[in-house]
Amino acid sequence: DLVLSLCAFAVQLAAVHLVDSHYCTDPGKFISVLCTSLATMLHVELPHVNVLSKMDLIEQYGKLAFNLDYYTEVLDLSYLVDHLASDPFFRNYRRLNEKLVEVIEDYSLVSFVPLNVQDKESMRQVMQAVDKANGYSFGDQEHRNLEALMSAAVGADFHFTSTLAVQEKYVQSQDKAVEEEVMDL
């Protein structure tokens, strides 16, 4: 009986890769983080969740060049390479960066879930992402309706509204940045 009960116990594991969000403020470091995340995802053969941590400190090290959803969804990275071209150090490595970005986009696996450990909603979203990666979709606490079932089956989780809420909470709006740039001129 003891052997049978031990065999029935299964453990579901998932890899959670934490990345400090301040790497988003430097395009070169962000490309490096994307390469590291992709390599980790390919070498660690587990379900994988990438997390941008310390969202409350995201702009402490500098301004973001793009909206937060650009970094969480890892959208068209050619804009990031173009942004790197303005830096004299990276100008010589443009082709290398283009090839690295091409590899990241070809795999199309990397995305991030924003996290601030002092925000319950943020913690809940990360826990849901890990649960989904493990194959756990519905428990006693979750609502069981057709929309939730189809969303889990198709993988149609749209986090745009949650990312927008995080951006509004922690990132200074781009309009203010433009106004500041005009005042600087």
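Since the structure is predicted, the reported quantities are computational estimates derived from the model, not experimental observations. Just so you know, these numbers use all the heavy atoms, side chains as well, and skip hydrogens, waters and symmetry mates. Starting from 1, each residue takes its place in the sequence as its number.
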Could you tell me whether a side-chain N or O of [X] sits under 3.5 Å from a main-chain N or O of [Y], the two making a donor and an acceptor?
X	Y	answer
Y23	I31	no
D20	H22	no
N116	Q118	yes
E98	V81	no
S21	K54	yes

Nearest 0.5 Å please: distance from the [atom1] atom of [X] over to the [atom2] atom of [Y].
X	Y	atom1	atom2	answer
L77	H83	CG	NE2	13.5 Å
N97	S78	CG	OG	12.5 Å
K132	Q128	NZ	CD	9.5 Å
L64	D26	CG	CG	11.5 Å

With a 4.5 Å heavy-atom cut-off, do [X] and [Y] have their side chains touching?
X	Y	value
T25	F30	no
V113	T72	no
V110	M41	yes
F66	L80	yes
L100	L34	no

Taking all heavy atoms of [X] and all of [Y], pick out the closest pair and write down the distance.
X	Y	answer
P47	A133	CB-O, 3.1 Å
P114	S122	O-OG, 3.3 Å
M55	L68	CE-CD2, 3.4 Å

Tell me whether [X] shares a hydrophobic cluster with [Y], the cluster being built from Ile, Leu, Val, Met, Phe, Trp, Tyr side chains joined at under 4.5 Å.
X	Y	result
V101	Y93	yes
Y61	V33	no
M123	V49	yes
M127	V16	no

>> If the condition is side chain to side chain donor-acceptor pair (under 3.5 Å), which residues does H48 pass it with, not counting sequence neighbours?
In response: N50

> Got a sec, which residues hit side chain to side chain donor-acceptor pair (under 3.5 Å) with D82, two or more places apart in sequence or on another chain?
Replying inline: R94

> Under a 4.0 Å N-O cut-off, is there an ion pair linking E121 with R124?
Replying inline: yes

>> Can you tell me which residue among L18, V19, V130 is in a side-chain contact (heavy atoms from CB on, under 4.5 Å) with V51?
In response: L18

> Any side chain to side chain donor-acceptor pair (under 3.5 Å) pairs touching residues 34-47, not counting sequence neighbours?
Replying inline: H17-S37

> Hey, mind stepping through F112 and Y71 against ring-ring contact (aromatic ring centres under 6.0 Å, His included) and telling me if it holds?
Replying inline: CA-CA 7 Å; F112 294 95; Y71 300 100; 9.3 Å; no

